[in-house]
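Contents: one structure, followed by commentary.
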Amino acid sequence: MPIERGLQYLRQMQRVTLKNLPMPLEKTLKWQKAHPDETKIKAIMSRKGPISRNALPPYGIDPIQAEGRLPWILTVPKEPYYEGIEEARQYLPISLRTLQRLIDLRRINPEKPIDLPVLCNTKLFSIQPDQRQFGLQLIDEGADLFSTPINLEIQWVASELAIAAIERCGGVLTTRYFDPISLSALIDAKKFFERGEPIPRCDTPPINAVEYYTDPKQRGYLANPDSIREERQRLAQKYGYKLPDPSKFSSLFRLKKDPRQIFYGLEPGWLVNLKDQTILKPTDSKFQTFYHS
Amino acid sequence: KLGIVDLHPSIWQTSPRLDILYENIEWQKTYKKIDWAYTPPHHEYPSMRGKPWPQKGTGRARHKSKFDPQWKGGYKVHGPKGPTSFFYVLPKEKRVEGLCTALTVKLHQNDVHFVDSLDLPTHQPTYLQELAEDRFWGPSVLFVDDTDIMPHNIMFASAKTEGFTLMPVYGLNVYSILKHTTLVLTIRALNKIEKKLLHALHSCDNPKDQPAPPDEP
């Protein structure tokens, strides 16, 4: 362990006092000389010439030395290893092991449906919609340990084992897409309500994700419920377990969301007033058709 | 020796981050600092009119006023202006980690001692000094107790000796821990410190939503 080695050094070395502490790199003269401030550079350099007048030519192009040769920036070929990274979607991982641990430590209530805001309130995940993060994905580490029935709503699942582990205990899994505006409302619900904006309606997923969310094998929210039931039977036969009775559980357990709905029990278009403990609903037919379309 | 004390590893066995200690000490020194330097600018000087001597004729250099910057006693163009404060607040996580690393440093260099209570039989300072010498406690000792009100005898004894200071738990800071060579804690102070630090390490509410930290032992 790196901590152990540090403490080993501590035991052998001199006593740490006010005068013994090391100065941070940024305060030494050597570093400051290598990293001068912009104001210092401007004071030192000449006031004339292309540098001070922002008129330098682009890199690698020198008309005198080129003599017909290409500049090096055009001779080196392009190797786009990371093409498409600006449009790629990221999902933060959550494993079945952490889920089981949170339920055992009573940080999550398994009798109510488990949602994105419930998992974000544990403050274990920091989802940043600016960084193209679109939610959480389920990972199959700890599939043997998982043993509680839950109603889980997650944004991406990559392995069948995870789906099987949840359904073996009698749980329900749906994959759900949230666009960045509704994500920022879900991550910190209290902050969103304090802003005083009406609840947004969730957009449809992008074209390269529609196939995933209409697939019954991934339990997408836009898929046919009959085909989902078929897939549940098929998975049970493949992995060798019996599907428990769904009639045992309470009605809370079987709550499901509309494709445009974000919060359980709240419809899009409503304004929540925390201070007066009221909810304002739109009465105009224009707004109602927009939010319920 | 009375017994064995259990210590929590999150506080007493963290990584020895000396740079966080440096930042804490820098903060403690500079957040109180106010720079009172003030040089009056151009418009706060006496009248600027009048050439000191005519342009030509005298053999001296040409000047327009007596208070230009190149003159002795002249104004300064971009000098310090008025009281400037260096106040800033270190983030809470760094302050908490600073305390934890200071305690681990002291523990692993054999400079922490735990004591039942700070009661002494006499108020003579020689008694305390000889006790500290026998136990190899260094030249300066920091006694930390639960409350502000300390027993009489140790008060008189430490007032007379140089280097011995008494401190309640709410006054604990990184500068004092590192300045004194040894730390002496009472068991009640230990419990209070651990409770407060663990609460600060593991709570993730915003400062507005946070309930008041536990004060009572």
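Below, all heavy atoms of this structure are taken into account, side chains as well, without hydrogens, waters or symmetry copies. Numbers restart at 1 for each chain; the letters A, B, ... are given by sequence-line order, proteins then strands.
Identified by a heavy-atom distance below 4.5 Å to chain B, contributing residues of residues 131-141 of chain A are lacking entirely. Chain B is approached within less than 4.5 Å, heavy atom to heavy atom, by Gln14(A), Arg15(A), Val16(A), Thr17(A), Leu18(A), Leu21(A), Pro22(A), Met23(A), Pro24(A) from residues 14-26 of chain A, ordered by number. Among residues 15-37 of chain B, the residues having any heavy atom closer than 4.5 Å to a heavy atom of chain A are, in sequence order, Ser15(B), Pro16(B), Leu18(B), Leu21(B), Tyr22(B), Ile25(B), Glu26(B). Inspection of non-hydrogen atoms places no residue of residues 156-169 of chain B under 4.5 Å from chain A.
Using a 4.5 Å cut-off between heavy atoms, Asp111(B) touches chain A through its side chain atoms alone. For Thr14(B), the part lying near chain A is the backbone, with the side chain staying farther off; criterion is any non-hydrogen pair under 4.5 Å.
Residue-environment remark: CZ (Arg106(A)) stays at or below the threshold of 12 foreign heavy atoms within 6.0 Å. Other residues, nucleotides and ligands place more than 12 heavy atoms under 6.0 Å from the CE atom of Met155(B). Within 6.0 Å of OH in Tyr9(A) there are 12 or fewer heavy atoms belonging to other residues, nucleotides or ligands. No more than 12 heavy-atom neighbours from other residues, nucleotides or ligands sit within 6.0 angstrom of CD1 on Ile149(B). Counting non-hydrogen atoms of neighbouring residues, nucleotides and ligands closer than 6.0 angstrom, the CG atom of Leu29(A) reaches no more than 12 such neighbours. Remark: His78(B) NE2 is loosely packed, at most 12 non-hydrogen atoms of other residues, nucleotides or ligands lying under 6.0 Å away. Few gaps surround CZ on Arg89(A); more than 12 heavy atoms of other groups in view lie less than 6.0 Å from it. For Leu145(A), the CG atom sits in a packed shell: over 12 heavy atoms of surrounding residues, nucleotides or ligands are nearer than 6.0 Å.
Taking NE2 of His108(B) as the reference point, atom CG of Leu7(A) lies at 4.5 Å (rounded to 0.5 Å).
The shortest distance between side-chain heavy atoms of Gln13(B) and Glu4(A) falls below 4.5 Å.
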